[in-house]
Structure formats: structure tokens, C-alpha cells
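Okay, so here's the structure we're looking at.
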Amino acid sequence: MEGLEKPGYVVWGEKLLEWYRANQRDLLWRERKDPYRVWISEVILQQTQVRQGAPYFERFVQRFPTVESLATASAEEVLLYWKGLGYYSRALNLHRAAQKILAEFGGNFPTEYQQILSLPGVGPYTASAISSIAFSQPVAAVDTNLYRVLARFFLCSVDISTSGAYRIFSELALKLMPKEWPGEFNQAMMDVGASVCKPLAPLCHECPLREGCLAFSRGTMEEYPVKQRKTKVSTISMQYYFVNDGLSYIIQQRSEKSIWKRLYEFPTEIEQKYQDRLLAPEILQHRLSHRVLNIRIDALVLSTWELEQWSKKEESIVVPYTESAGYSYPRPLERYLEKWLGSRS
DNA sequence: AACGCGGGGGG
DNA sequence: CCCCCAGCGTT
């Protein structure tokens with residue numbers, strides 16, 4: 001990595017801030033420096049793009065405006081506001097963290113970095129983001145944007161998926177940061193990374209850091225940052241039965257262990273005697289990051305009496321069509337339901 | 001250090 | 001079909 005003279009660091013940070021003051025995105029959670037709102041927004045935006053997360057933030061803080069309102073809600077309802085966003089343990093951790101804040105910090109959002117880091121679902125990045133934005137602590141929020149911007153500018157070839165990279169980049173960022181503006185600096189880094197220094201086809205012509213950027217001068221922007229290759233994609237098959245009587249259907253809750261934590265799904269098996277009453281199956285394909293799910297859904301229409309017998313089985317829940325929205329479903333099942341219920345009216 | 005964990009969008 | 005994204009927790 002090429003060095004930068006001491007005075008150069010100061011100029012770097014100030015150039016970035018100057019650009020940020022003129023070009024920052026106006027986002028809902030930037031209106032106030034309320035640690036609660038910063039926290040919620042940061043968790044929503046973990047591995048999630050602003051466009052996708054913004055509507056969720058608005059709904060979430062409207063329903064749960066304070067730590068206490070979140071802590072005293074049911075996990076079930078919190079999940080309902082997370083439905084469709086993915087990475088569902090984030091919602092469950094948010095809920096647990098709110099209860100921890102209530103129990104251990106008297107309902108006041110903790111102000112110390114180490115305390116913030118101790119909250120479930122809050123890692124080094126999120127703790128730094130909250131500390132810097134809400135409490136003006138001089139710590140670097142090391143996310144993929146920061147890796148990309150700095151790796152390109154300084155032509156740094158360290159593999160960002162290794163643990164050593166975190167320390168190198170956070171120390172470098174701290175040198176570049178004007179210490180009076182830690183929150184602004186971190187958010188400026190995110191905005192430059194998101195809207196200018198993009199992973200592919202970066203807009204170098206409008207970059208405030210173009211001058212001095214080593215990757216730009218060599219035309220090798222897209223080769224940075226260096227990241228280890230990902231694992232291969234695997235395929236998994238799933239079988240569901242949509243058991244209904246024309247008015248209600250059967251669901252069960254998934255465990256907290258694997259994919260789709262605590263969301264609701266259709267039964268995965270039926271008794272032998274129903275095998276010859278299945279309707280034509282629906283085949284859905286659902287792509288995840290490193291997996292492809294082939295989902296087969298067989299519809300089974302029972303009489304009201306038969307459905308009632310079924311519902312006596314352990315863990316099964318009968319849902320009237322009209323109350324379908326009261327439960328959180330994985331995306332593919334939600335789409336199946338919409339189609340089924342919609343076709344009836 | 002490597003992996004599981006979602007979903008939407010872009011080329 | 002691949003890639004990407006305001007990461008974290010577990011093993």
C-alpha cells in the first residue's frame with residue numbers, strides 16, 4: 001500500500017466531507033441523531049441496500065418508536081414488520097437487544113462503544129456506526145463501501161475477507177477522519193461508495209477523490225477490493241402441502257435453527273390415505289445466495305371436518321383465509337398464498 | 001477461518 | 001447465469 005504524507009490525510013478527509021455536505025442522500029434516519037433510530041437503520045441495512053430497506057425503516061419506527069415499545073412488543077409482531085426483508089435473526093436480535101437495554105441500561109440507549117457492542121445483533125461495524133453518528137465517537141465504520149473506496153485509492157491488495165484486513169482499514173480510516181466529524185465522515189464514505197465508487201462501472205469522473213486515486217490512475221478500479229472467491233451453489237428440494245377446506249388452511253412454525261427462522265410454512269408431509277387426492281402440483285424455484293431451492297407444493301382440499309381432525313395434530317395451526325396476513329411467511333410461500341387467495345375472488 | 005443466513009436488483 | 005449489498009453469530 002502506498003503511503004500518504006501526514007498533511008495529506010487531513011486534506012483527504014476534508015475533501016470527502018466537502019463532497020458529502022453538497023451531495024449527501026436525504027434519508028429518513030439522518031433527520032435526527034437519535035441512537036435508537038440510527039441503530040434500527042443500521043441493522044436494517046446490514047447486507048441490504050438502501051432502496052430495499054428504507055420502506056421497512058419507516059414502517060418499523062412508526063410502530064416501534066422507542067426502545068420500550070420494541071421491548072414490550074411480542075417477537076411475533078416484530079417479525080411481522082420484518083416479513084420479506086430476509087435475515088430474520090436480525091429482527092429477533094433487535095427484539096432481544098431492546099429488552100436488554102430496558103433491563104440493564106434502564107431503557108436508556110448505552111453510550112459506550114463496548115456496551116453497544118454487547119447488544120445482540122450488533123457487531124463491530126454497527127457499534128462503530130452508532131458510536132460515531134449518534135455519539136460523535138471517533139471510530140471508523142468498516143463496511144464494504146469503506147473497503148472498496150480505500151482499497152482503490154491506496155491500491156491495497158489485502159484480502160478483505162481476512163481478519164487482518166479489518167484492523168488495517170479501520171486504522172487507515174481513522175487517520176483520514178477529521179476527528180470533529182466522525183459520523184459525517186463515516187456516512188460520507190458510505191455515500192461515496194454507494195453512489196460514486198460503485199463495485200462495477202464506478203463514476204470516477206464525478207468522484208471527489210479522483211485526484212490521487214491509484215486505481216483510477218491505472219484504470220484498475222474494478223480489480224479492487226480483493227476478496228476471496230465464494231463457495232459454489234447447491235440445490236435443495238422442498239416438499240409442501242397446501243391443506244385447505246376452501247376457507248382455511250394449515251400452517252406450522254419453523255424452528256429457530258436454520259433458514260427462515262420462526263416463520264410459518266405449510267405442512268411437509270401428509271398421511272398416506274390422502275395421497276390420491278392431491279391436485280396438480282405447483283413447482284416454484286427460489287434462488288438464495290448460495291443455494292437454489294426447488295419447492296413443490298401439492299394442494300389438498302379436505303372437508304371442513306377432515307381439516308378439523310388434522311388441526312388436532314401437534315403444532316399445526318388453522319388459518320382462515322381472511323387472517324392470512326397475521327403470520328410471517330417465507331417469500332415463495334407468501335407468493336403462493338397471494339396467488340391462491342387472489343384467484344378465489 | 002469458514003459457513004449459514006434472504007431477498008432484491010443489475011449485467 | 002453470475003455478481004452485488006450500511007454484517008453478525010456460530011463453530
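These numbers come from the heavy atoms of this one structure, side chains and all, not from hydrogens, waters or symmetry mates. From a predicted model like this one, the values you see are computed outputs, not experimental measurements. Residue numbers begin at 1 in each chain, while the letters A, B, ... track the order of the sequences.
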Identify, residue by residue, the members of residues 26-43 of chain A with a heavy atom below 4.0 Å from DNA chain C, and return them in order of residue number, or none.
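Result for residues 26-43 of chain A: A:L27, A:W29, A:R30, A:E42, sorted by number.
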Duplex segments of DNA chain B, taken as runs of at least three Watson-Crick or G-U pairs that stay under 3.5 Å
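The stems are B:1-5 with C:7-11, B:7-11 with C:1-5.
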Considering residues at least two apart in sequence or located in another chain, which fulfil the side-chain hydrogen bond (donor to acceptor under 3.5 Å, both in side chains) criterion with [X]?
X	result
A:R21	none
A:Y125	A:E42
A:S170	none
A:S131	none

Practice problem: Hey, could you give me each pair passing ring pair (Phe, Tyr, Trp, His ring centres under 6.0 Å) that has a residue in residues 188-224 of chain A? Not counting sequence neighbours. | Solution: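 The answer is none; no pair qualifies.
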Return a table of donor-acceptor pairs under 3.5 angstrom between the side chains of residues 189-197 of chain A and protein atoms on other chains or two or more places apart.
{"from": "A:D191", "atom 1": "OD1", "to": "A:R25", "atom 2": "NE", "distance (Å)": "3.1"}
{"from": "A:D191", "atom 1": "OD1", "to": "A:R25", "atom 2": "NH2", "distance (Å)": "2.7"}
{"from": "A:D191", "atom 1": "OD1", "to": "A:R30", "atom 2": "NH2", "distance (Å)": "2.8"}
{"from": "A:D191", "atom 1": "OD2", "to": "A:R25", "atom 2": "N", "distance (Å)": "3.1"}
{"from": "A:D191", "atom 1": "OD2", "to": "A:R30", "atom 2": "NH1", "distance (Å)": "3.0"}
{"from": "A:S195", "atom 1": "OG", "to": "A:D191", "atom 2": "O", "distance (Å)": "2.6"}

Taking only residues two or more places apart in sequence or in another chain, which ones pass side chain to side chain contact (heavy atoms under 4.5 Å, CB included) with A:K83?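 Scan of A:K83 (side chain to side chain contact (heavy atoms under 4.5 Å, CB included), adjacent residues dropped) gives A:L80, A:S328, A:E334.
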Qualifying residues under side chain to side chain contact (heavy atoms under 4.5 Å, CB included), relative to A:T322, sequence neighbours excluded: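 Partners of A:T322 under the side chain to side chain contact (heavy atoms under 4.5 Å, CB included) test: A:P320.
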Practice problem: Give me the residues of residues 45-69 of chain A where at least one heavy atom lies under 4.0 Å from an atom of DNA chain B, by number, or none. | Solution: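 The stretch gives A:Q47, A:T48, A:Q49, A:R51, A:Q52 as the residues lying under 4.0 Å from the strand, ordered by number.
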Taking only distance into account, with no hydrogens and no angle test, what donor-acceptor pairs under 3.5 Å do side-chain atoms of residues 102-116 of chain A form with protein atoms, sequence neighbours excluded?
{"from": "A:Q115", "atom 1": "OE1", "to": "A:E112", "atom 2": "N", "distance (Å)": "3.2"}

